[in-house]
Amino acid sequence: MNRFAIFSGTYNLLMGGAKDFKESRPTKEAAIKGAQDIAKTETFVRWVQIFDKKTEELTTYSVVDGELKKRES
């Protein structure tokens with residue numbers, strides 16, 4: 001598995017889990033591109049998260065009209 005894990009779904013129940021995992025990418029830029037692709041193509045996705053396995057940083061986005069909107073922590 002690559003460094004940046006991408007999760008997404010319709011409802012964010014804060015329980016996490018394998019069913020929300022979509023893919024992993026080697027760089028943050030590639031992970032953001034993957035997240036944007038999910039936002040544009042997955043009709044019922046309402047949130048996307050990118051998790052950096054090295055630093056344990058989690059970035060959460062809302063999906064609004066097929067675009068990512070970063071949520072403030």
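Predicted model only: the values in this text are computed from it and were never measured. Below, all heavy atoms of this structure are taken into account, side chains as well, without hydrogens, waters or symmetry copies.
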Expected output: side-chain [X] to main-chain [Y] donor-acceptor under 3.5 Å:
X: Thr10; Y: Val45; value: no
X: Arg25; Y: Ala30; value: yes
X: Ser24; Y: Asn2; value: yes

Here the ring-ring contact (aromatic ring centres under 6.0 Å, His included) pairs for residues 17-36, sequence neighbours left out, are Phe7-Phe21

In short, side chain to side chain donor-acceptor pair (under 3.5 Å) pairs touching residues 56-67 with sequence neighbours left out are Gln49-Thr60, Ser62-Arg71

The side-chain hydrogen bond (donor to acceptor under 3.5 Å, both in side chains) partners of Lys69 (sequence neighbours excluded) come to none

Salt bridge (Lys or Arg N to Asp or Glu O under 4.0 Å) pairs touching residues 29-39, sequence neighbours excluded, are Lys33-Asp37

Taken in chain and number order and not counting sequence neighbours, the residues that satisfy salt bridge (charged side-chain N to carboxylate O under 4.0 Å, His left out) with Arg3 are Asp52

The salt bridge (charged side-chain N to carboxylate O under 4.0 Å, His left out) partners of Lys53 (sequence neighbours excluded) come to none

Sorted by chain and number, sequence neighbours left out, side chain to side chain contact (heavy atoms under 4.5 Å, CB included) with Ala35 holds for Val48, Ile50, Leu68

Would you name the heavy atoms of [X] and [Y] that are closest together and state the gap between them?
X: Phe4; Y: Ala31; result: CB-CB, 3.7 Å
X: Gly66; Y: Lys40; result: O-CG, 3.4 Å
X: Ile6; Y: Ile38; result: CG2-CD1, 3.8 Å
X: Phe51; Y: Leu58; result: CB-CD1, 4.1 Å

